[in-house]
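Just so you know, residue 1 is the first one in the sequence shown, and it goes up from there.
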Amino acid sequence: MAKLWFKFQRYFRRKPVRFFTFLVLYLTAGSLVFLHSGFVGQPAVSQNQANPAAGAPAEGAELPFLGDLNLGRAFRDTGETSSIARRYGPWFKGKDGNERAKLVDYGGAWSRALKGRVIREKEEERGERAKYIGCYLDDTQSRALRGVSFFDYKKMTIFRCQDNCAERGYLYAGLEFGAECYCGHKIQATNVSEAECDMDCKGERGSVCGGANRLSVYRLQLAQESARRYGSAVFRGCFRRPDNLSLALPVTAAMPNMSVDKCVDLCTEKEYPLAALAGTACHCGFPTTRFPLHEREDEQLCAQKCSAEEFESCGTPSYFIVYQTQVQDNRCMDRRFLPAKSKQLIALASFPGAGNTWARHLIELATGFYTGSYYFDGSLYNKGFKGERDHWRSGRTICIKTHESGQKEIEAFDAAILLIRNPYKALMAEFNRKYGGHIGFAAHAHWKGKEWPEFVRNYAPWWATHTLDWLKFGKKVLVVHFEDLKQDLFVQLGRMVGLLGVAVREDRLLCVESQKDGNFKRSGLRKLEYDPYTVDMQKTISAYIKTVDAALKGRNLTGVPDDYYPR
C-alpha cells in the first residue's frame, strides 16, 4: 500500500498539470452532484397535503401568493419549513394551515410592489415594532412627515430608519429615494399606488425604501409609549411671558389638570418644537425673535407645582417653563447649491478634530446652501453633505472645508473662517476619528499603545503652525473659537454667516440653535480612566498654546480661552 501511494505521488510530481486537471474534474463532479440533488429533491408530503378533501389544492391548482422567497430548492419537512414560517410570518402557511412555498418569477413595476410587500412583512416580523401603512406622496416644500430626518446614501435600511424614529418617540417612519428617512407624528399627504415605491434601500438590496418623492411609511408600535414620556423632551428653562403671546406662541390650550406630559404631547401632536407651560395653560410655537429663549430667568419664578403632577413645575401665567419637543424645526432644513457661481472662494479652515464638520452642519442650516470640501469624504456625502462631491473650485458651495496650512493652499482662498479648538480636545477628537471613524472612538489599546505618543508628537506642532500660517498668509480671516461657538452659537454663527455674504435671518439662526447637533457631532469625548497626556506632552502643548495666544493678541484679536491651560 505504501509503495502504491509513493508511485501515485511520484506520478503527479512529474506531471503537475495532470494533478491540477484531476483536481478540477473532481470538484466539478462534486458540484454537479450537489446541484442535481438540490433541484430534484422533493419535499415530504403530509397526509393533509396528499388528501385534497382535507383542504389541500388539487394537483395543478394555483397556490395562494406566498411572496418572493428566492428559494433555490424545495424544503424538506425536517423543521426547516417551521423556521421559515417563523421568519416570514403566518402568511407562509396555506389555507389548510400547512407550511409550503411556491417559487414565483416576478418582473415589472407590479412585481416590485409585491416584492416590497414581502420585504415589509419580513421587517414587521423581525422587529415586531412596525406595521407597514402604504406608499405616500412626498413634497419637498411640504413634507408628509415633519419630524426629524436623516440621510445615508450608502447604508440606509428599513430597520435603521424605524429604530431611529422610535428612539425619538415618533409614531411614523418613512423611507424615500432609497436613502432618506423621515419621522413624524402624523402623515400629511395622500396615499398612492404601491408600484410607485420602487427603489431599493441603499444598504439592503431587495428591500423597498420608497421612490422619487414617494415615502414607504410604517407605523411604529413602540413609539406611542415613547411619545408619552416627556423625558424625551429637552428642558430649556424658565422664561418671562412674551409681550405678544398670540404671535410668539400661536397655539394655546387650557389645561385645568396640567402636567408636563400633557403639554408636551399637545405641542408634539400639533407639530411644534416648543411647549411652554404657564400654570393651567399650555402654549406651543417656534423659537422666534418674539420668544428667542436667550434670557433665562431664575427657575424659582416658575416654581408652581403642576395640578396633575406633584413633583414637577408647570410655570405661572407670567413665567413659563419651556420644553423642546422631538418635533424638528423645518424652517432651516432646506438646502441647495448656490444659484450662481460664487465670485470668491471662502475657506472653513481648521486643524483636524476642531469641529469642522459640525461647523459645516451649522452653516448649511443657517444659510440654506451646501458647503464644499478640499477633499472628498464618501461617508460625509452619504450623510447628506452633498457639496462633498463638487470640486472645491466649482463655485457652487458657500464655503470650503480645508485642513491645509501651506502658503500656496492658503493664498488660493479669498477669505477664511478659522476655527480654533483647545489642542488637548482637538488632538483627542482627531485620534478618535482616525481610529474610530467620524462619530466613533479609538480603542483603549490604541491609547495605551505606541500610536498615541507618536500621534501627539506629529500632530501637536501642526496645531500651532496651522493657526500661525492662516494668520500670516490668509487674506481676510475671521477667527472663531470652537468653545465660543458652543457657548454662544447664535452670536458666533451670525458672525460666520456675515463673512459668507449671506443676509442673517434671526429666525433661521434660532432654528439652528434648536437642532444644532446634527449627525456628525460626537456626544462628547469618551471618558478615559486616566489622563492620556504625559507631563512632557503637557509641557510641549502648553508652549504651543502660548505661541498661538501671543500671535492672536499681536493682531488685536481675542487670545485663546482660559480653559486651554493649565491642565
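- Side-chain contact between Lys202 and Asn382 is absent, with no heavy atoms from C-beta onward closer than 4.5 Å.
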Criterion salt bridge (charged side-chain N to carboxylate O under 4.0 Å, His left out) on Arg143 and Glu176, from CA distance to verdict: CA-CA 11 Å; Arg143 291 290 182 188; Glu176 182 174 337; 3.7 Å; yes
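- Asp469 is not listed as a side-chain neighbour of Gln407, based on a closest heavy-atom distance of 4.5 Å or more.
- Here Phe286 and Tyr272 bring their ring centres to under 6.0 angstrom of each other.
- Looking only at distances, no side-chain donor or acceptor of Arg421 sits under 3.5 Å from a matching main-chain atom of Phe351.
- Electrostatic pairing of Arg508 and Asp334 counts as a salt bridge here, judged by a charged N lying under 4.0 Å from a carboxylate O.
- Here the side chain of Trp392 pairs no donor or acceptor atom with the backbone of Ala347 at under 3.5 angstrom.
- Disulfide check for Cys314/Cys263 fails, with the SG atoms at least 2.5 Å apart.
- As summarised for Cys267 and Cys282, their two SG atoms remain at a distance no smaller than 2.5 angstrom, missing the threshold.
- For Tyr375 and Glu404, the side-chain atoms include at least one donor-acceptor pair closer than 3.5 Å.
- Taking a cutoff of 4.0 Å between a charged side-chain nitrogen and a carboxylate oxygen, Glu430 and Arg433 qualify as a salt bridge.
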Is there a ring pair (Phe, Tyr, Trp, His ring centres under 6.0 Å) between Phe239 and Phe320 once you walk through the steps? CA-CA 5 Å; Phe239 299 91; Phe320 297 174; 9.6 Å; no
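- A side chain to side chain donor-acceptor pair (under 3.5 Å) with Thr371 is found for exactly one of Lys401, Glu364, Glu388, Lys386, namely Glu364.
- A centroid separation of 6.0 Å or more is found between the aromatic rings of Tyr459 and Trp452.
- Counting only distance, with no hydrogens or angles, the side chain of Asn244 and the backbone of Arg290 share no donor-acceptor pair below 3.5 Å.
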